[in-house]
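Written out below as C-alpha cells is the structure these notes cover.
Throughout, protein chains are lettered first and strands after them, A, B, ... in sequence-line order, and every chain is numbered starting at 1.
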Amino acid sequence: MSAAGDFGARLLDWFDRHGRHDLPWQQEISVYRVWVSEIMLQQTQVVTVIPYYQRFMARFPDVTSLARAPIDEVLHHWSGLGYYARARHLHRAARQVVEQHQGRFPETLEDLEALPGIGRSTAAAILSIACGQRHAILDGNVKRVLARHRGVEGWPGTTAVSRRLWALAEAMTPTARVADYTQAIMDLGATVCTRGRPTCGVCPVASDCVAHATDRQSLLPTPRPRREQPLRSTVMLIIRGPDGVLLERRPPTGLWGGLWGFPEVPSTGEAEPWCRRHLGTEAHEVHALAPFVHVFTHFRLHITPVRLWVKDPAASVMEAPGRVWYKPEARSELGLAAPVARLLDHIVHEDGEINGSHGELRLPG
DNA sequence: AAACCGGGGCA
DNA sequence: TGCCCAGGTTT
C-alpha cells in the first residue's frame with residue numbers, strides 16, 4: 001500500500017470520529033459560502049471567524065448582494081479582522097463574478113485564480129470542498145503537517161521547499177472523499193498538529209511521522225529568518241468640531257487602506273498649520289496626549305495623539321468627500337483602524353467624566 | 001514580545 | 001523569480 005493512500009485513509013477515519021462537522025460554512029455548502037470562509041480563515045482562527053462569518057452572511061447572503069454593497073459596508077463588516085486588502089479583494093471579486101460570469105462562480109482552478117484575492121491554495125480549497133474536485137491545498141496548517149510528517153527541512157517561504165511541499169500535498173490527496181480530506185488535513189493542523197504543543201498522542205499519522213520519531217516537532221517547519229523591526233512615528237489629529245470628530249478616508253492601498261482615520265501630520269508642530277491649510281480655521285485648546293506604540297509584525301508605529309477644537313469650519317470643509325464628522329458615541333457604519341477605534345472609545349469615556357481637564361491619555365498595554 | 005499567514009505587487 | 005507587505009491574535 002502506498003504511503004499516500006494510507007495517510008489519507010487514516011486522516012479520513014480520524015475526521016469521521018473527531019473532526020468538526022458543524023461549522024457554519026459546512027452547512028448549505030456553496031462556492032460563495034466556502035469562498036468567504038476561506039478568505040476569513042486565512043488570517044484568523046475558527047472561533048474568532050464564526051461571529052464575523054454569520055454577520056457577513058446575514059448581510060451579504062449571496063455574491064450579488066455583496067457585489068451591490070458599498071465598499072464601506074463591506075469594510076465595516078470586516079472591521080477588526082485585519083488585512084483589509086482581503087475585504088477589498090473580496091468585494092472586487094464579487095463584482096467580477098457578477099459582471100464577467102453572470103453571477104455564477106467559475107469552477108476551474110484557472111478561472112478562480114483569476115479573481116482578486118484567490119491564489120492556488122484558496123482556489124483548490126474552494127473547488128475541493130464545494131465541488132468535490134480533486135485538488136491539493138497547501139495552507140499554513142497543511143505545510144506544518146506535511147513538513148513534520150515527512151521531515152521537510154527549510155523555511156517554506158523559499159521556492160525549493162515550497163515546491164517540495166506542494167508535491168507532497170499532491171501525492172497525499174486521495175481520489176475519493178476529497179472534500180472531507182481537505183477539511184481533515186486542515187483540521188488536524190488546527191487542532192492536533194499545532195504550532196506550539198502538538199498532541200501527537202491522538203494523531204492518526206504519528207506512527208510514521210518523521211518529526212515525532214526524531215522529536216523535532218518544535219523545529220519543523222523551519223521558521224522564517226528573523227528581521228529587526230524599524231520604528232516609525234506619526235501624529236494623529238483628534239479634531240473636534242460642532243458635529244463630531246474629523247475622520248478622513250485613508251488611501252486605498254497601504255496601511256489601513258480604505259479605512260477611516262484621523263488626519264496625520266509628521267510632527268506635533270504641524271497640527272495648527274494643518275487646520276489653517278485644510279480647514280481654513282484656527283485650532284483651539286491644542287493638547288498633545290500621551291504617545292503610545294502600536295505594534296505590527298514588520299514595524300512599530302509610535303503614535304502621538306493631538307487633541308484640538310475647531311469652532312467654525314467652513315461648510316465646504318464639512319461636506320468634502322472622503323471626510324466625515326464622526327460622532328463617537330453613535331457608532332456609524334465605518335471601517336476604523338484599531339488604534340483609531342481605541343482613541344475614539346477613549347473620547348467617549350472621557351466625555352462621560354465630570355472633569356476631563358487632565359491631558360493624559362492612558363491606554364491599556 | 002515574537003510569530004503567524006496566502007496573495008498581490010514590484011524589481 | 002524572489003523579495004516585501006499587511007495587522008489582530010495567539011503563544
Members of residues 187-194 of chain A that approach DNA chain B, where some heavy atom sits under 4.0 Å away: none
Using heavy atoms and a sub-4.0 Å distance, could you list which residues of residues 106-127 of chain A are near DNA chain B? By number, please.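 Under 4.0 Å from DNA chain B: A:Leu115, A:Pro116, A:Gly117, A:Ile118, A:Gly119, A:Arg120, A:Ser121, A:Thr122.
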[X] [atom1] - [N] [atom2] separation (whole Å):
X: A:Asn141; N: B:dC5; atom1: CG; atom2: C1'; value: 10 Å
X: A:His89; N: B:dG7; atom1: NE2; atom2: P; value: 11 Å
X: A:Leu220; N: B:dA3; atom1: CG; atom2: C1'; value: 16 Å
X: A:Ile137; N: B:dC5; atom1: CD1; atom2: P; value: 13 Å

A:Glu73 pairs by salt bridge (charged side-chain N to carboxylate O under 4.0 Å, His left out) with which of A:Arg68, A:Arg55, A:Arg59? A:Arg59
Does A:Ser79 have any side chain to side chain donor-acceptor pair (under 3.5 Å) partners at least two apart in sequence or in another chain, and if so, which?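 Partners of A:Ser79 by the side chain to side chain donor-acceptor pair (under 3.5 Å) criterion come out as none, since no residue qualifies.
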Could you tell me if A:Arg88 sits above the aromatic ring of A:Tyr84, with its cationic atom closer than 6.0 Å to the ring centre and no more than 45 degrees from the axis? no
Could you tell me whether A:Arg92 contacts a base, only the sugar-phosphate backbone, or nothing, with contacts defined as non-hydrogen atoms closer than 4.0 Å?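 Nothing: the residue A:Arg92, judged by heavy atoms under 4.0 Å, touches no strand.
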Taking any heavy-atom pair under 4.0 Å as a contact, classify A:Thr158: base, sugar-phosphate, or nothing. nothing
Surrounding CZ of A:Arg300 (heavy atoms of other residues, nucleotides or ligands, distance under 6.0 Å), is the total greater than 12? no
May I ask you to check whether over 12 heavy atoms, not counting those of A:Arg104, lie within 6.0 Å of atom CZ? no
Checking [X] side chain against [Y] main chain: does a donor-acceptor pair fall under 3.5 Å?
X: A:Thr304; Y: A:Val235; result: no
X: A:Trp78; Y: A:Gly82; result: yes
X: A:Arg307; Y: A:Leu289; result: no

Pairs touching residues 114-130 of chain A that satisfy salt bridge (Lys or Arg N to Asp or Glu O under 4.0 Å), sequence neighbours left out: A:Arg120-A:Glu170
Suppose you measure atom P in B:dA11 against the same atom in C:dA6; what distance do you get, rounded to whole Å? 16 Å
Looking only at side chains, do A:Arg10 and A:Ser207 share a donor and an acceptor under 3.5 Å apart?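 Yes, side-chain donor-acceptor contact under 3.5 Å.
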Where along nucleotides 6-11 of chain C does protein come under 4.0 Å, by heavy atom, of base (B) or sugar-phosphate alone (S), with - for untouched nucleotides? BBB-S-
Partners meeting ring pair (Phe, Tyr, Trp, His ring centres under 6.0 Å) with A:His149 (sequence neighbours left out):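 Once residues adjacent in sequence are excluded, the partners of A:His149 under the ring pair (Phe, Tyr, Trp, His ring centres under 6.0 Å) criterion are A:Phe7.
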